[in-house]
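Naming: A, B, ... by sequence-line order, numbering from 1 per chain.
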2 protein chains.
Amino acid sequence: MTSARNPVPDPSAIGFAAHDHADCVETAIAAAEARCAAEKLRLTPVRRRALEILLQEHRAMGAYAVLEKLNESGFGSQPPVAYRALDFLVAHGFAHKVERLNAFVACTRPGESHAPAFMICRICAAVAEAGATVAPDALGEAAEASGFTIERTVVEAEGICPACSEKADA
Amino acid sequence: MTSARNPVPDPSAIGFAAHDHADCVETAIAAAEARCAAEKLRLTPVRRRALEILLQEHRAMGAYAVLEKLNESGFGSQPPVAYRALDFLVAHGFAHKVERLNAFVACTRPGESHAPAFMICRICAAVAEAGATVAPDALGEAAEASGFTIERTVVEAEGICPACSEKADA
DNA sequence: CGGATAGATGATATAAGGTAACATGACAAG
DNA sequence: CTTGTCATGTTACCTTATATCATCTATCCG
Ligand SMILES: [Zn+2]
Ligand SMILES: [Zn+2]
Ligand SMILES: [Zn+2]
Ligand SMILES: [Zn+2]
């Protein structure tokens with residue numbers, strides 16, 4: 001992946017604002033463990049580590065970037081290792097796939113059932129998950145009118161994040 | 001194909017309904033030619049053929065599938081041939097990229113400037129472009145609040161199309 | 001306990017999607 | 001006719017994703 005395609009965003013800028021990162025990782029992992037226990041999901045070592053990686057990096061990561069980190073932690077080095085762990089996380093809402101980037105990001109609202117919406121900076125590739133569920137009503141209506149049953153909706157806005165916006169001004 | 005109309009989308013424009021396909025291809029090509037002439041865009045043979053291919057197939061096609069067809073028509077056989085033609089079509093609104101499928105589809109509302117929204121059947125991969133522009137208001141508000149400038153929004157709903165829905169019932 | 005079953009992991013191989021870079025060709029402006 | 005611009009073609013390569021088979025590990029049940 002070239003830097004032009006996948007520039008590395010400022011890790012401290014999630015949701016485009018600073019935050020207590022160590023705390024945010026711990027909290028999310030704990031929440032995931034609790035939910036897996038409650039719902040009899042198996043948060044196995046690879047899966048747990050994959051979630052940790054996404055949380056620690058706090059940005060959208062390609063499956064192969066996650067794979068590399070997993071491998072450094074002693075897990076397999078082949079693509080399916082990463083894809084399977086990521087599939088699990090996505091399937092159960094611990095992470096999301098950002099279709100626009102073919103990348104994955106830890107959910108910032110775990111526990112709340114939601115259709116995620118993202119804001120993606122086209123300069124620095126920072127990704128922020130919108131706070132509220134953002135379901136376009138008009139689409140639901142169009143779907144109903146045509147007999148289409150919506151199961152999942154991808155909403156991804158591309159543009160310029162506050163940080164890059166400021167840099168451009170300077 | 002269609003022009004401004006009432007809020008209820010025409011089912012035939014939705015894509016999950018029958019329509020006069022030969023006519024739909026011709027009309028769209030003619031419209032594209034007209035617009036390119038008017039805006040001094042160069043609808044070259046490859047680009048024109050690529051648009052024809054997307055229109056004829058009337059479904060989301062991968063770049064390599066388009067490439068194969070282009071090659072059968074006497075154009076180059078290397079990926080950039082297809083990607084460049086598709087980039088042109090997408091850049092000027094004659095086609096859209098469906099991020100969820102890594103595929104391309106001819107626009108069903110050419111001429112109308114719009115942020116496209118798609119409904120994608122997870123069974124048969126049929127893709128319909130929603131009639132109306134579907135801009136999630138809540139996302140715009142979230143963006144404004146955080147200082148993010150939206151330039152483009154991807155909206156893609158995944159689910160079951162009417163045809164597959166009926167088959168499932170049977 | 002011992003075997004059956006289901007789910008998870010590992011490794012191999014390959015498919016599918018996408019770009020960078022450079023050479024050639026068409027064409028219009030000067 | 002030269003120069004600049006844009007389009008096309010090709011080589012080479014990179015990134016993303018899945019199919020498949022083998023192995024392992026928990027869990028359930030008799
Ligand atoms: Zn989320
Ligand atoms: Zn940015
Ligand atoms: Zn369109
Ligand atoms: Zn279908």
Side-chain angles (χ1 to χ4, degrees), chain A residues 1-8 36-37 39-51 53-54 60-92 94-105 122 125, chain B residues 32 36-37 39-51 53-54 59-92 94-105 122 125 127 154:
Chain A
M1 194 64 92
T2 68
S3 60
R5 266 188 87 208
N6 243 351
V8 176
C36 285
E39 296 180 27
K40 294 188 176 104
L41 302 174
R42 297 175 58 181
L43 190 62
T44 61
V46 225
R47 293 168 177 178
R48 192 196 145 111
R49 183 75 191 104
L51 179 54
I53 290 165
L54 288 181
M61 297 179 77
Y64 281 69
V66 174
L67 175 59
E68 198 174 313
K69 293 259 171 200
L70 283 174
N71 187 236
E72 286 169 12
S73 304
F75 298 97
S77 64
Q78 302 309 313
V81 169
Y83 281 102
R84 287 195 284 233
L86 290 167
D87 283 351
F88 170 87
L89 296 177
V90 169
H92 297 99
F94 299 118
H96 302 295
K97 178 166 188 183
V98 183
E99 299 290 346
R100 178 64 222 219
L101 303 176
N102 294 320
F104 300 82
V105 68
R122 73 166 155 80
Chain B
C36 284
E39 297 181 25
K40 294 190 175 103
L41 301 175
R42 298 176 58 182
L43 190 62
T44 60
V46 224
R47 292 168 178 178
R48 193 197 143 109
R49 184 75 191 104
L51 180 54
I53 289 165
L54 289 181
R59 62 191 172 90
M61 297 178 77
Y64 279 67
V66 174
L67 175 59
E68 198 174 313
K69 293 258 172 200
L70 282 175
N71 187 237
E72 285 169 11
S73 304
F75 299 97
S77 65
Q78 302 309 313
V81 169
Y83 280 103
R84 286 194 286 233
L86 290 167
D87 283 352
F88 170 88
L89 295 177
V90 168
H92 296 98
F94 299 118
H96 302 295
K97 178 166 189 185
V98 182
E99 299 289 347
R100 182 66 228 265
L101 302 175
N102 294 321
F104 300 83
V105 69
R122 74 167 154 79
V127 172
V154 171

- prompt: Hey, does K40(A) reach any base, or is it just sugar-phosphate, or nothing, if we go heavy atoms under 4.0 Å?
  reply: nothing
query: Please give, in whole Å, the distance from dA7(D) P to L86(B) CG?
result: 15 Å
Polar atoms only, N or O, under 3.5 Å: list the protein pairs with nucleotides 8-10 of chain C and their distances.
| from | atom 1 | to | atom 2 | distance (Å) |
| --- | --- | --- | --- | --- |
| dA8(C) | OP1 | R47(A) | NH1 | 3.1 |
| dA8(C) | OP1 | R47(A) | NH2 | 3.3 |
| dA8(C) | O5' | R47(A) | NH2 | 3.4 |
| dT9(C) | OP1 | T44(A) | OG1 | 2.6 |
| dG10(C) | N7 | R84(A) | NH2 | 2.4 |
| dG10(C) | O6 | R84(A) | NH1 | 3.4 |

task: Send over the distance from E68(B) CD to dG17(C) P, rounded to a whole Å.
output: 12 Å
statement: Here the distance between atom P of dA17(D) and atom OH of Y64(A), to the nearest Å, is 8 Å
Atom-pair distance (CG on D87(B); P on dC6(D)), nearest Å: 16 Å
- prompt: In whole Å, what is the span from the CZ atom of F104(B) to the C1' atom of dA16(C)?
  reply: 13 Å
query: Where the side chain of R59(B) meets the backbone of A125(B), is there a donor-acceptor pair that is under 3.5 Å apart?
result: no
- prompt: Sequence neighbours excluded, which residues qualify as side chain to side chain contact (heavy atoms under 4.5 Å, CB included) partners of Y83(A)?
  reply: A63(A), Y64(A), P79(A)
query: Could you give the CG-to-P distance, from L67(B) to dA15(C), as a whole number of Å?
result: 17 Å
- line: When rounded to whole Å, the CG to C1' distance for the pair N102(A) and dG17(C) reads 8 Å
statement: Interatomic distance, CG@L86(B) vs NE2@H96(B), rounded to 0.5 Å, equals 13.0 Å
Close side-chain approach of L54(A) to F94(A), heavy-atom, < 4.5 Å: no
message: When you compare the side chain of I53(B) with that of M61(B), does any pair of heavy atoms fall below 4.5 Å?
response: yes
R84(A): side chain to side chain contact (heavy atoms under 4.5 Å, CB included) partners, not counting sequence neighbours: P80(A)
- prompt: How close or far is atom P of dG17(C) from atom CD of E99(A), stated in whole angstroms?
  reply: 14 Å
